[in-house]
Amino acid sequence: MEKLSFRLTAPRSAGGSRAQAIVGVVASGNLEVLLERNLPADVCTIDIATAAHGFGMVWDAVVRDFVARRSAGGLRISINDGGARPDTVALRLAQGVRKIEEPER
Amino acid sequence: MSDWGMQKAALGERLAAGRQHARGKVVPIPSLGAFLTAVIRSGDRVCLEGDNQKQADILASALANLDPQDVHDLHMVQSGVVLPSHLDIFEKGIARRLDFSYSGPQAARIAKMLFGRKIELGAVHTYLELFARYFIDLTPNVALIAAVSADKDGNLYTGPNTEDTPTVVEATSYKNGLVVAQVTEIVDKVPRVDIPGDLVHFVVEAGRPFYVEPLFTRDPAAITETQILTAMLAIKGIYAPYGVRRLNHGIGFNTAAIELLLPTYGEKLGLKGKVCTHFALNPHPTMIPAIESGWVEQIHCFGSEVGMEDYVAARSDVFFTGPDGSLRSNRAFCQTAGLYACDMFIGSTLQIDLEGHSSTVTTSRIAGFGGAPNMGSDPRGRRHPSEPWLKAGAEAAPDADAALRRGRKLVVQIGETFGDRNAPLFVERLDALELARALKLDLAPVMVYSDDVTHIVTEEGIANLLMCRSKDEREQAIRGVAGYTEIGRARDAKLVEQLRQRGVIRRPEDLGIDPLDADRRLLAARSIKDLMLASGGLYRPPSRFRNW
Amino acid sequence: MTEVAANNISLSWYEASARQRIDALVDSGSFAEFIGPELREMSPHLAIFDLPEQFDDGIVVGRGRLDGSPVLVATQEGRFMGGAFGEIHGAKLTGLLRAALALKQDILILFDTGGVRLQEANAGELAIAEIMRAIIEARCAGLNVVGLIGGRAGCYGGGSLIAGTCSRLIISEQGRLSVSGPEVIETNKGIEEFDSRDRALVWRTMGGKHRYLIGGADAFVDDEALAFRGAAIDALRDGRRCDMAVLEAEQARLERRLQRFGEAEDAVDIWRTLGIADPSDVPALPTGAFLRAANDRENADDAR
Amino acid sequence: MTLDDILASLFPNGSRIETTGAMISGQAILPDGGPIHVLGITQGQPLGVDEAIVLAGRVIEIVKSGDRTPILVLVDSASQRMSKRDELLGLSEYLSHLAKALLLAEAEGHRTVGLLYGGSAAGAFIATALATGTLVALPGAQPAVMDLPSMARVTKLSIDVLKAKAEATPVFAPGLDNMVMTGGIHVVWDNNAPLAPQLAAVLQRPQGQDDRGRLGAERGGRRKAAEIADRVVALATVSHQDAQHG
């Protein structure tokens, strides 16, 4: 497994009030994303454990775009990855911030 | 006086030799080896019928079992190199030279044998191109073909999978070649005459159906959210604005997703009757929901699809069927239809370079082209206008005189930026070039040339190459939809943004599409079972696709 | 008190994730997880094999309400490691069953498993044994233990043995219930005995319809979360005992099955013996027609 | 030790135990004079529907007799029988039924002891040995979930790599030591000493609690299972109280 960590300044803080959300599952070509709202509103950290080695540059680009485009401030994001493609990663991250914005039932 | 009947005389000799092993036209299975040894001459050009679907499999294994002492140096001219026996023929030294179109499952072995000089390669053709050469310089001396049934006179019924047979027989039989057909059974009267008995010299009763690969069945259960997103982009960003009514789809999951989104997403966009009314297309099971909900007026087919026979027969308003009620397919005609009478081809590929050339060849696999380059090319001989054709032409050359301006066929490559095993779709240099160098080929096996492709669709957006005015713009347009591949990450962000302002690149948000709406619940069928139910039980999927 | 909220989420059980299933099954908003993903209790063994871990180790356990009544629920994620039982995964279910006994609450198990996780096989095997013991203890105390089967991974291996100890089983057509998987049988006995790629054969031998017809499952439902929910509510309504009388009845039932069907070569022979008019049509029948055809099926009333 | 050696050493006071095919069935006298039922499977036989129903029937008969005497289950089996017929007939129900019979016998007051003296694997192991109240083994017994070659096929790792990994953890590889370490086997008997007193000692153990998780933690083979199960129980209880009062 390869471990990667990012700590980024986030232009927009996450909406909603849920403390945490989880999307996806760990499977071949898939990943899970756990989001916890426990950081300062302008910070987003992303920790990744991935089965696919040597894609650090790609992850770097994906998570930077994600934090720049979506509302991810205040989130500690943790990822377990079964070798998902970048498009799947980007989709799960987007699904994650949408889920943590949903009202609690 | 010169003898102008040498070929006819040679055919007479073959017929006489063959009759030693036959009763009338019928060759008993146990005599098949001796028979083939008698009628095939070393050095013959032989067409062993087989494409990406049907296979004259009994004749293929009989040919592979001949003694290379008796028969050798054959020149195989055939659509498909698909069965292991097709390559055994070369391995054993029965055949030496090969001209073909498609190799699918044998792509890796064929590459190995080419590197090992076991095969002398003529060329990798498109279907239509190989068919054309049957009539010019690759006319077979012997054709070994497959049909469903024959009568005692050799009249053949090919059933829904007629495919290449009429073309092969036409070229062979009318040029003094010998035609041998394997059939499931010999009957008193065939349900319809697909091939007249006059053209068929011998018949082998196989006792079982010829092999058919269900190549066009895509299980909706395997369609991903990203593929759904690309399908939404294609429908809203290309089908709708150009009003594409006449088209061909490739066999990938992206186009299967499009087919399954028509009755849901397409309906919501109000596109019914405005797009996708006429197809050159095999009976894809994923077309069932669109057909059932009245989207499709007409479909002409290259071949059939396993399990779709009864469904097709029950939908003769849509499909071409014979007097017996079942599908009539014809690969040559359908390829021609796809080339000249369709306004769009959309399909996936394995690699696209910075100019827009695309290829399904990798350094270790030669999959061949099949029909994609026929569909995926702009026919310079086209003269009839249509709205999408004219609109595309205008985008390519806005300043030209409208009355003299050629239209353009829409040739769309669709796919995710990363494929299997995270292999990038976009590359600096096609593997096909490496292969051409290693095999000393004159031509790299390019599937769709850069000057034919008009649009590239990925999950990141649509690049409209018709609207690019320079090589540089074209490159940035491609980089602009190449996602997180190296090609994509090396884009000039400013130029890409300018292209987006001009509408050359259109992102999901530019089209009002939220990637988070790309949900499997949008699919009109999410499983093979759903397709079966949508067909009213008429579609009978092969066992391997079932989960009930 | 949480309001009783009916759940009207429509989704394919087969396609849904473990968490989607639980959301759709219990009363809306009523679920609370124990040892959730944020606690990161992951398998300590997968790293040895350089395999990715999942925060919940492929099982979600917790409490919720079903039609207003409190229940404990466990749901397996069939896509993570094939839903297989490892040390943590199994222990979460063992704990939930012991909690059921302590709290006197019914329990639902949403199976989706290939059986024991090979990378922690001994721990997984023992977890199965511990779970089966805990289920019987809960059942002897009068609790319902209901199993729901209809996920992608089916219910195989040790999972199928656990299912066999449940008081009631609900299955869909897509559900599979079997000890040895198709590939295992093929590897052991050859492709002539079992062609694992013949999916129609797999489903008619191990699938939901066959299991329902021979009495291996109590309820047959559409592949739809609402249908599973409805059947689960029904299953909790009538309690099932677990004592020697039940076991004796099960002995008689299983002996009768061997006598009636022991010589059958194929599921179709069994269906014919059951008196179904067109047995080879069974796989194609839609639910309503199938349930009518299944009128004279074997069942397990008070014998499971 | 052969089955006969084992029975002789277990029951010096005499026994009436028959082996029909691969099925063991009978009664014996304990050193204290009390009776004990003996049943089991031998000769490395796979456990299929036919075997499971016979064993379960025997257990039910014993319980119905109402004598509440101990039951000894001898196990030398393969795995479950891997065949189309067994699965067609619902093997999972038969194996579960056998396990349930043993578990219910215990609930009805019978001590159940499993003695693993040969092989056993997978579903057969769960339905027999692991369904008893106390499982013991003789040296040389070979419990397994899956053999290493099969495991190598499935994990796509070589047998050598698997063996190396097995050195580091008892959690996956087959074998008696590993099953003891993970808490599945209570004790391995000394086969150089008479077995009768060792059986008597097992029958003295307090009854009822499933302590395999605790054993696995103590022995270091399964460090997390007991703790996780206990935490779920605690959380469920607390959350139940919250729900009651909330």
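In what follows, chains carry the letters A, B, and so on, assigned in the order in which the sequence lines appear, proteins first and then strands, with residues in each chain numbered from 1.
Taking CG from D:L104 and CD1 from C:I136, the interatomic distance works out to 6.0 Å, rounded to the nearest 0.5 Å. Considering CD of C:E130 and CG of D:L130, their distance stands at 9.0 Å, rounded to 0.5 Å. Taking OG1 from D:T182 and CG from C:L126, the interatomic distance works out to 4.5 Å, rounded to the nearest 0.5 Å. For the atom pair C:R139 CZ and D:L103 CG, the distance stands at 11.5 Å (nearest 0.5 Å). Residue D:S92 holds its OG atom at 4.0 Å from CG of C:L177, rounded to the nearest 0.5 Å. For the atom pair D:I228 CD1 and C:H89 NE2, the distance stands at 12.5 Å (nearest 0.5 Å).
Counting heavy-atom pairs closer than 4.5 Å to chain C, the top-ranked of the candidates D:A107, D:A99, D:A101 is D:A101. Comparing D:G216, D:A234, D:A52, D:A56 by how many heavy-atom pairs each has under 4.5 Å with chain C, the most go to D:A56. If you tally non-hydrogen atom pairs under 4.5 Å between each of C:S160, C:A163, C:A264, C:C242 and chain D, the highest count goes to C:S160. Of the listed residues (C:I135, C:I128, C:L103), the greatest number of heavy-atom pairs within a distance under 4.5 Å of chain D belongs to C:L103. Between chain C and the residues D:D230, D:I53, D:L157, the largest count of heavy-atom pairs under 4.5 Å involves D:I53. Between chain C and the residues D:S83, D:G123, D:A173, D:G184, the largest count of heavy-atom pairs under 4.5 Å involves D:S83. Across C:T187, C:L254, C:L72, C:L101, the residue that shares the most heavy-atom pairs under 4.5 angstrom with chain D is C:L254. The most heavy-atom pairs under 4.5 Å with chain D, out of C:G62, C:A267, C:A99, C:A121, come from C:A121. With respect to chain C, the highest number of heavy-atom pairs below 4.5 Å among D:K224, D:K64, D:H97 belongs to D:H97.
Using a 4.5 Å cut-off on side-chain heavy atoms (C-beta onward), D:T169 and C:P44 make no contact. Within the 4.5 Å cutoff, the side chain of D:L89 has heavy atoms near those of the C:F261 side chain. For the pair D:M151/C:Q119, no side-chain contact is recorded, criterion being any heavy-atom separation below 4.5 Å from C-beta on. Between C:L118 and D:F172, the closest side-chain pair of non-hydrogen atoms is not below 4.5 Å. Residues D:K84 and C:D266 have side chains in contact (heavy-atom distance under 4.5 Å, counting atoms from C-beta outward). You'll find the side chain of D:K100 stays beyond 4.5 Å of the side chain of C:M132, heavy atoms only. The closest side-chain heavy-atom distance from C:N122 to D:P170 is not below 4.5 Å. Looking only at side-chain heavy atoms (C-beta outward), D:V161 and C:F49 stay at 4.5 Å or farther from each other.
For D:A131, the part lying under 4.5 angstrom from a heavy atom of chain C is the backbone only. Residue contact with chain C, scored on non-hydrogen atoms closer than 4.5 Å, is absent for D:L102. Within the 4.5 angstrom heavy-atom criterion, only side-chain atoms of C:L39, from C-beta onward, approach chain D. Residue D:A226: no heavy atom, backbone or side chain, is found under 4.5 Å from chain C. Looking at C:L201, the atoms closer than 4.5 Å to chain D (heavy atoms on both sides) all sit in the side chain, from C-beta outward. With a threshold of 4.5 angstrom between heavy atoms, C:I270 approaches chain D through side-chain atoms but not through N, CA, C or O. The part of C:R253 that comes within reach of chain D is its side chain, from C-beta onward, which places non-hydrogen atoms under 4.5 angstrom from that chain. In this structure, chain D has a heavy atom under 4.5 Å from the side chain of C:K189, while its backbone stays farther away. For C:D243, the part lying near chain D is the backbone, with the side chain staying farther off; criterion is any non-hydrogen pair under 4.5 Å.
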Checking salt bridge (Lys or Arg N to Asp or Glu O under 4.0 Å) for the pair C:E265/D:R85: CA distance, chi angles, key distance, verdict? CA-CA 7 Å; C:E265 296 276 328; D:R85 174 176 176 269; over 6 Å; no
Step by step, would you call D:E93 with C:R211 a salt bridge (Lys or Arg N to Asp or Glu O under 4.0 Å)? CA-CA 10 Å; D:E93 286 182 85; C:R211 290 296 177 239; over 6 Å; no
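Within a 6.0 Å sphere centred on CZ of D:R231, heavy atoms belonging to other residues, nucleotides or ligands number more than 12. Applying the 6.0 Å contact sphere to CD of D:Q207 captures more than 12 heavy atoms from other residues, nucleotides or ligands. Surrounding CZ of D:R68 are at most 12 heavy atoms belonging to other residues, nucleotides or ligands under 6.0 Å away. Heavy-atom neighbours of C:K104 NZ from other residues, nucleotides or ligands within 6.0 Å: above the threshold of 12.
No donor-acceptor pair under 3.5 Å is formed between the side chain of C:Q251 and the backbone N or O of D:I60. Side-chain atoms of D:S96 come within 3.5 Å of backbone atoms of C:L161 as a donor-acceptor pair (strictly under, hydrogens ignored).
Heavy-atom neighbours of chain C within the stretch residues 108-122 of chain D, taken at a separation under 4.5 angstrom, comprise D:E108, D:A121, D:A122. At a heavy-atom cut-off of under 4.5 Å, chain C is reached by D:A144, D:V145, D:M146 from residues 136-146 of chain D, listed in order of number.
Look at D:R222 and C:E120 and you find no salt bridge, because none of the NZ, NE, NH1 or NH2 atoms lies under 4.0 Å from a carboxylate O.
The two residues C:R133 and D:G133 make their nearest non-hydrogen contact at NH2-CA, 3.4 Å. For the residue pair C:I48 and D:K165, the shortest heavy atom distance occurs at O-NZ, 2.7 Å. Closest approach of C:R98 and D:A229 over heavy atoms only: NH1-CB, 4.2 Å. Between D:L88 and C:R204, the closest heavy-atom pair is CD1-O, 4.5 Å.
Between C:V179 and the options D:M82, D:Q80, D:R81, a side-chain contact (heavy atoms from CB on, under 4.5 Å) holds for only D:Q80.
Remark: the C:T205 side chain and the D:E87 side chain contain no N/O donor-acceptor pair separated by less than 3.5 Å.
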